[in-house]
Amino acid sequence: MQGSHQRVNTRTGHVVVIGGGIAGLAAAHRLLGTGLRVTLLEATDRVGGKLMTGEIAGTRVDLGAESMLARRPEAVALARAVGLGDRLQPPATATASVWTRNALRPMPKGHLMGVPGDPAALSGVLSPAGLARIAEERDLTPTAVGDDVAVGAYVADRLGREVVDRLVEPLLGGVYAGDAYRISMRAAVPQLFEVVKEGGSLLDGVRRAQERAAARQRPGPVFQGIDGGVGSLPGAVADAVRAAGAQILTRTPVLGLTRTAEGWDVRTDTRVLTADGIVLATPAWSASTLLAAESPAASAELAGVEYASMALVTMAFRRSDIAATQALQGRSGFLVPPVDGRTIKASTFSSNKWRWVADSAPGLFVLRTSVGRYGDEDHLHREDAELVDVSLRDLADATGLAAAPVDTEVTRWIGGLPQYPVGHLTRVARIREEVARLPGLRVCGAVYDGVGIPACVASAHRAADEIARDIGGVLAGKITEEIIDSPPLVEGARGEAGQ
Ligand SMILES: Cc1cc2nc3c(=O)[nH]c(=O)nc-3n(C[C@H](O)[C@H](O)[C@H](O)COP(=O)(O)OP(=O)(O)OC[C@H]3O[C@@H](n4cnc5c(N)ncnc54)[C@H](O)[C@@H]3O)c2cc1C
């Protein structure tokens with residue numbers, strides 16, 4: 001029998017994943033089992049990016065992201081896939097507050113990113129004048145939205161500024177560290193955009209959205225943490241990726257990307273790796289630099305993505321020292337409307353929120369504050385000790401806390417969160433269109449489809465699947481050519497490119 005009927009596989013596809021945050025790791029994990037060889041390159045000395053644990057008073061806590069939305073499946077599914085299923089843990093209390101009108105008040109129920117379905121729920125949180133303004137909504141003429149609209153501008157137009165300043169802004173700030181009057185409704189609160197596009201009263205629209213959400217609602221907790229910290233997810237994914245034969249190189253910043261006749265050259269300071277495919281999972285500024293030569297248009301779009309920086313101030317108190325501080329008991333923390341001019345924008349009472357934190361240090365009470373948001377980053381230039389002092393001052397005003405911490409840790413997240421202003425999704429579509437012109441390269445991460453961990457994982461899966469398909473196709477094409485051209489022969493092999 002002629003060898004021309006036999007399969008000859010002279011190449012195994014090689015994918016280089018650039019960036020070892022949760023997106024890069026999820027992409028590498030997704031590529032396992034495709035038959036492709038995977039190498040992940042991370043600039044710093046650890047994987048995880050914005051997911052990171054550290055120690056406070058000898059106890060392990062999250063110093064970055066701490067909670068995963070579980071209403072979307074991707075993040076918890078990844079945690080389960082890498083053996084952390086038993087350690088998933090929902091918040092022990094979801095009783096959050098908002099520090100408004102000089103008191104900690106329970107976060108109202110029945111709102112969509114701060115926009116109420118029923119104005120009565122906001123009683124106390126807003127002034128009587130603010131509540132009266134909401135009641136005027138049904139008499140207003142429709143507000144135009146077009147392709148996109150800033151959440152704050154639209155809601156203020158319909159319901160007045162107070163609901164934006166006291167609820168929408170701190171809630172959106174909690175996710176994006178951004179400015180509600182700039183943030184895209186289409187990108188950041190798509191459920192709201194959906195009802196707004198339908199027209200009519202916003203209050204009625206929110207109620208409709210809530211009914212739809214309730215009908216779609218899956219059982220189980222809305223959020224999940226991980227015993228030991230969400231920051232332990234990257235290490236577990238990295239272990240799984242390595243165990244399956246992929247390589248992860250830390251302290252390996254990628255300095256340049258060049259297209260070649262065969263695929264890609266990936267340049268680091270010590271070597272040039274050849275790759276058939278690239279998953280680019282870095283923040284926008286880094287992706288912009290790496291794409292400058294091969295896709296100036298994508299690079300220019302990425303350079304336009306702005307970021308917010310923030311600091312987290314984690315503090316541990318002796319539990320006995322805070323026992324008498326009533327406001328610290330039973331709630332998961334509080335949000336702070338920026339309009340009140342405080343320095344902190346939120347505080348999370350980790351020992352109340354996470355059972356694993358309380359269990360691992362029963363004698364301690366751990367909390368953290370966050371400082372800094374888009375357009376308000378001056379505080380980040382202060383010394384660590386000053387950030388601790390201003391946090392303690394605000395905490396004292398909000399809760400009456402008078403104790404001194406036994407340990408503190410300041411974590412600065414410079415360029416922590418990409419901003420999604422009006423038009424963001426159009427920009428992302430343009431980036432993807434330009435990137436699609438580059439064979440065998442895809443982008444993923446917080447820049448594109450959402451900053452939350454599940455959205456980052458979803459974008460990673462999309463990028464990995466597209467790369468596997470593309471490279472599978474290219475290698476299949478090469479194999480076919482080799483079959484036709486080659487003399488009879490050689491050992492049969494199942495294509496390793498995942499077909
Ligand atoms: C303080 C904070 C708290 C948060 N809390 C939550 C939360 O509770 N829940 C939630 O869902 N989300 C949260 N987020 C958002 C979420 O954590 C991030 O959006 C997400 O982790 C981003 O993942 P990523 O992989 O896209 O990017 P990153 O985590 O930024 O990872 C990118 C990686 O690429 C590397 N890199 C950059 N350039 C290069 C290069 N040239 N070569 C090689 N490597 C490179 C970087 O070193 C980095 O490790 C939080 C974010 C912050 C900042």
Side-chain angles (χ1 to χ4, degrees), residues 17 19-34 38 40 42 44-56 59-94 218-248 250 279 281 312 314 332 348 350-361 366 368 411 444-446 450-464:
V17 178
I22 196 61
L25 289 163
H29 187 260
R30 183 76 162 194
L31 288 164
L32 304 179
T34 58
V38 177
L40 184 148
E42 162 56 40
T44 68
D45 60 359
R46 62 167 192 94
V47 292
K50 274 65 181 195
L51 277 58
M52 180 172 88
T53 59
E55 277 200 0
I56 181 108
T59 233
R60 189 144 289 275
V61 290
D62 273 312
L63 298 178
E66 50 133 35
S67 176
M68 303 180 294
L69 183 66
R71 283 272 181 263
R72 291 186 61 154
E74 299 88 349
V76 286
L78 180 62
R80 288 198 178 100
V82 298
L84 297 180
D86 292 349
R87 284 168 48 189
L88 288 169
Q89 199 181 92
T93 170
R218 298 171 339 144
V222 179
F223 290 98
Q224 290 276 20
I226 295 177
D227 182 347
V230 161
S232 51
L233 178 60
V237 180
D239 288 347
V241 164
R242 283 197 190 96
Q247 220 187 355
I248 296 181
T250 53
V279 176
L312 296 181
T314 307
S332 60
T348 302
S350 313
S351 291
N352 290 346
K353 185 170 179 184
W354 303 112
R355 205 184 63 236
W356 65 268
V357 175
D359 288 350
S360 63
V366 179
R368 70 187 202 183
T411 316
C444 63
V451 301
I453 298 167
C456 293
V457 173
S459 78
H461 287 175
R462 174 178 172 178

Problem - Heavy-atom pair of closest approach, residues Arg46 and Leu51 - result: NH1-O, 3.2 Å
Handout entry: Under 3.5 Å: donor-acceptor pair, side chain of Gln89, backbone of Arg355
Key = yes
Practice task
Looking only at non-hydrogen atoms, find the nearest pair between Ala26 and Val457 and report the distance.
Solution key: CB-CG1, 4.0 Å
Practice task
Would you tell me whether Ser232 and Arg87 have side-chain atoms, one donor and one acceptor, within less than 3.5 Å of each other?
Solution key: yes
Practice task
Would you confirm whether Ser67, through its side chain, and Gly225, through its main-chain N or O, come within 3.5 Å as a donor-acceptor pair?
Solution key: no
Problem - Closest non-hydrogen atom pair, Glu74 against Ala458 - result: OE2-CB, 3.8 Å
Practice task
Using modelled atom types only, decide if a donor and an acceptor are shared between the side chain of Thr59 and the backbone of Ile56 within a distance under 3.5 Å.
Solution key: no
Handout entry: Nearest-0.5 Å distance that lies between atom NE2 in His29 and atom CG in Leu78
Key = 6.0 Å
Fill in the blank from the handout: CG of Leu63 to CD of Glu55, rounded to nearest 0.5 Å, is 10.0 Å
Exercise for the section: Report the distance from atom CE of Met68 to atom CG of Leu88, rounding to the nearest 0.5 Å. Expected result: 5.5 Å
Exercise for the section: Determine yes or no for a side-chain-to-main-chain donor-acceptor pair under 3.5 angstrom, with Trp356 supplying the side chain and Gly229 the backbone. Expected result: no
Problem - Atom pair CD1 (Ile248) and CZ (Arg242), whose distance is rounded to the nearest 0.5 Å - result: 4.5 Å
Completion exercise
Heavy atoms of Ala65 and Val230 approach each other most closely as O-CB, 3.9 Å
Handout entry: Asp62 side chain vs Gly231 backbone, donor-acceptor pair below 3.5 Å
Key = yes
Exercise for the section: Search all heavy atoms of Gly450 against all heavy atoms of Cys456 and return the closest pair with its distance. Expected result: O-SG, 4.0 Å
Handout entry: Heavy-atom side-chain contact between Val61 and Thr314 under 4.5 Å
Key = yes
Handout entry: Test item: Ser351 side-chain N/O and Val366 main-chain N/O as donor-acceptor pair under 3.5 Å
Key = yes
Problem - Approximate separation, where rounding is to 0.5 Å, of Cys444 SG and Arg462 CZ - result: 10.5 Å
Completion exercise
Looking only at heavy atoms, the pair that brings Ala75 and Ile453 closest together is CB-CG2, 3.9 Å
Exercise for the section: Please examine the side chains of Phe223 and Pro90, heavy atoms only from C-beta on, and report whether any two atoms are closer than 4.5 Å. Expected result: no
Completion exercise
Here the gap from Leu25 atom CG to Asp239 atom CG, rounded to the nearest 0.5 Å, amounts to 10.5 Å
Exercise for the section: State whether the side chain of Thr348 and the backbone N or O of Ser350 hold a donor-acceptor pair below 3.5 Å, judged by distance alone. Expected result: no
